[in-house]
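Take a look at the structure set out below.
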Number of protein chains: 2
Amino acid sequence: MSVSTPEHIKEIKEIFAAHLEQNKQRKTPERFAILEEIYMRTDHFDAETLYIEMKNKNFNVSRATVYNTLELLESCGLVVRHQFGDNQSRYEKSYNRRQHDHLICEECKEVKEFCDSRVFQIETKIGELLKHKISHHSLILYGACEDVDCANRQKMTKN
Amino acid sequence: MSVSTPEHIKEIKEIFAAHLEQNKQRKTPERFAILEEIYMRTDHFDAETLYIEMKNKNFNVSRATVYNTLELLESCGLVVRHQFGDNQSRYEKSYNRRQHDHLICEECKEVKEFCDSRVFQIETKIGELLKHKISHHSLILYGACEDVDCANRQKMTKN
DNA sequence: ATAGTTGCAAAAGCTTTGCAGTATG
DNA sequence: CATACTGCAAAGCTTTTGCAACTAT
C-alpha cells in the first residue's frame, strides 16, 4: 500500500466534504483530521491504534469520534473494514485502490495484498447458484512466510 | 449442514478421547458433553449461545470450560472457528465434512455454505507468488437473498 | 437559534485469567 | 495423591451509548 500525496489527500477531503453535504452532516475539523491521519498510513490499523496515534500527535479526539468517523468513511467508500480473525476490526484506506484480498502470515502477522480474478468468478457463479445478489466478499489466506525477516517481525509483534 | 447420528457421535467421541490421551489431557464429562452438544447442532453458533443452551438443558458448565473445550476441539480438527464480520467467533462441527465456504445474507443474516474449487487454485497460485505456505483460508460472500422468507427471518433476527 | 457532534465516562459484549476447590489418572 | 481441570467472579479488550457541553450551519 503506497503513501498518499498531499494533492491526493486534498482530493479525498473534497470527496468526503461532498458526501457529508449530501447527507446533511457537518464538516467538523475532527472528521477531516481523522481522514487525513488514515490517508497518511500505509497499513491495516485498528481503531485503538488510530486513536492513540492521534493523541500522541496532540490531536485531541475521542474514541467515540474515531469510531463514528470510521463508520462514516466506510459508508462513503473511503475506508474498508476487515476482520483478520482476531475479533477486532481492522481498517485501510480505499480510495483509488484496486480491490484486493489479503494473505496473513500466522507467525509474524504481516499482511500482504493480492488480486486474483477467480474470486469474482466465484462471486458470480455462487451468487447465481444460491440466488443471492452478492455485494462484496472477504477472502483471507493464512500461511507462513518463507522469509528471513519473518523471525525478526515475530519479535516485534509479540507484546 | 446435516444432523449427526448417535453412531456418528460415538465415533467422534472416540477421536476426541484419543486426542486427549495423546496430549495427556483429561477426559472430563464436561468436555464430552460439550462435544455432544456441538454435534447435535446444525448451525454456526457462538460460544455464548452454546453456553446458554447447555445451561437450559440443566447441564452445569462454565463459560471458561466452554471456551477451553472449543479451543481443544479446534486444535484437534473437530470444530472450525469463523469470523463472520461481527467481532465475534462462530463455530461449527467439522468432522467428516467437506471443506466449504460461506455466503451470508446481509439482511436476514442467514448463513449458506458452498464449495468452489477455484479457491484452491487461488491458494496455490498466490502461495507461490508471495512465497508463503498456505495453511487455510476464509472466504465469505456477502449478499442479499432473493428469497420470500428473507423478510420473515429478518424479524426473527432483530433482537 | 437549532440540531448535529464532540468528549467523557460508563456500560455493554465477548473472551481470558486467577484462584480455590474438585476429580481424573 | 499429584496435578489437570472446573466453576466462579473479576478483569481485559474492543466497541457502543448516554448525556451535557459545544459548534457548524
Side-chain angles (χ1 to χ4, degrees), chain A residues 13 16-35 37 44-55 57-76 79 81-91 109 157-159, chain B residues 13 16-35 37 44-55 57-76 79 81-91 109 157-159:
Chain A
K13 285 187 178 175
F16 191 29
H19 176 89
L20 290 172
E21 266 174 43
Q22 261 178 30
N23 293 283
K24 301 187 201 351
Q25 289 169 309
R26 292 185 181 170
K27 285 170 266 176
T28 67
E30 291 81 5
R31 290 179 175 172
F32 286 96
I34 291 168
L35 175 61
E37 179 65 26
H44 303 81
F45 57 90
D46 60 275
E48 184 69 13
T49 302
L50 183 63
Y51 168 72
I52 296 294
E53 303 209 348
M54 293 197 73
K55 286 280 187 191
K57 292 181 181 177
N58 287 317
F59 195 93
N60 193 34
V61 275
S62 65
R63 266 182 260 267
T65 302
V66 167
Y67 278 101
N68 168 17
T69 304
L70 281 168
E71 195 181 324
L72 276 177
L73 291 170
E74 196 193 346
S75 75
C76 75
V79 159
R81 189 167 64 85
H82 304 290
Q83 303 259 159
F84 290 158
D86 56 354
N87 294 320
Q88 141 175 308
S89 293
R90 303 268 226 111
Y91 303 85
K109 311 299 173 199
T157 311
K158 273 172 197 154
N159 47 8
Chain B
K13 285 187 178 175
F16 190 30
H19 176 89
L20 290 172
E21 267 174 44
Q22 263 178 29
N23 294 283
K24 301 184 202 351
Q25 290 169 307
R26 291 184 181 169
K27 284 168 267 177
T28 67
E30 290 81 4
R31 290 179 175 173
F32 287 95
I34 291 168
L35 175 61
E37 179 65 26
H44 303 80
F45 56 91
D46 60 274
E48 184 69 13
T49 302
L50 183 63
Y51 168 73
I52 295 295
E53 303 209 348
M54 294 198 72
K55 286 281 187 191
K57 291 179 181 178
N58 287 316
F59 195 93
N60 192 34
V61 276
S62 64
R63 269 184 256 271
T65 302
V66 167
Y67 278 101
N68 167 17
T69 305
L70 281 168
E71 195 180 324
L72 275 177
L73 291 170
E74 195 192 346
S75 73
C76 76
V79 159
R81 189 167 65 84
H82 303 289
Q83 302 257 157
F84 290 159
D86 56 355
N87 295 319
Q88 144 176 308
S89 293
R90 303 268 226 109
Y91 302 84
K109 309 301 174 198
T157 309
K158 274 173 197 154
N159 45 9

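Chain naming here is simple, since letters A, B, ... match the order of the sequence lines and numbering starts at 1 in each.
The side chain of B/Tyr67 places an N or O atom within less than 4.0 Å of a non-bridging phosphate oxygen (OP1 or OP2) of C/dT15. Between C/dT15 and B/Ser89, a contact under 4.0 Å exists linking OP1 or OP2 to a side-chain N or O. Proximity of A/Gln88 to the phosphate of D/dT14: a side-chain N or O atom is located under 4.0 Å from OP1 or OP2. OP1 or OP2 of C/dT6 lies within a sub-4.0 Å distance of a side-chain N or O belonging to A/Thr28.
Per the geometry, CG belonging to B/Leu72 stands 11 Å off C1' belonging to D/dC5, to the nearest Å. In this structure, A/Glu30 atom CD and D/dA24 atom P are separated by 8 Å, rounded to whole Å. One atom, CZ of B/Arg31, and another, C1' of C/dT22, lie 14 Å apart when rounded to the nearest Å. Rounded to whole Å, the distance from CZ on B/Arg81 to C1' on C/dT16 is 13 Å. Distance B/Asn60 CG to C/dA23 P: 12 Å, rounded to the nearest Å. Following rounding to the nearest Å, B/Arg26 (CZ) and C/dT24 (P) show an atom-to-atom distance of 9 Å. Between A/Leu50 atom CG and D/dT15 atom C1' there is a gap of 14 Å when expressed in whole angstrom units. Here the P atom of nucleotide C/dT15 and the CG atom of B/Asn87 are 10 Å apart, to the nearest Å.
In this structure, B/Ser75 contributes its side chain and B/Leu72 its backbone to a donor-acceptor pair below 3.5 Å.
Here CG of A/Asn23 is found 5.0 Å from CD of A/Gln25. Values are rounded to the nearest 0.5 Å.
Taking the side chain of B/Ser62 as heavy atoms from C-beta on, and the options D/dC8, C/dT6, C/dT24, the nearest nucleotide is D/dC8. Picking from D/dT17, D/dT3, D/dC8 the nucleotide with the shortest atom distance to the side chain of B/Ala64 gives D/dC8. Taking every side-chain heavy atom of A/Asn68 into account, C/dT6 is the closest of C/dT6, C/dA3, D/dG7.
More than 12 non-hydrogen atoms from other residues, nucleotides or ligands lie less than 6.0 angstrom from CD of A/Glu48.
Residue B/Gln25 is in sugar-phosphate contact alone, with no base atom involved, counting any heavy-atom pair closer than 4.0 Å across all strands shown.
A donor and an acceptor atom never sit less than 3.5 Å apart when one is taken from the side chain of A/Arg63 and the other from the base of D/dT14.
For the pair A/Ile34 and A/Val66, the minimum side-chain heavy-atom distance is below 4.5 Å. Taking 4.5 Å as the limit, some side-chain heavy atom of A/Lys27 sits within range of a side-chain heavy atom of A/Glu21.
When the nearest nucleotides of DNA chain D are assigned to B/Lys24 and B/Phe59 by heavy-atom distance, the more 5′-ward of the two goes with B/Lys24.
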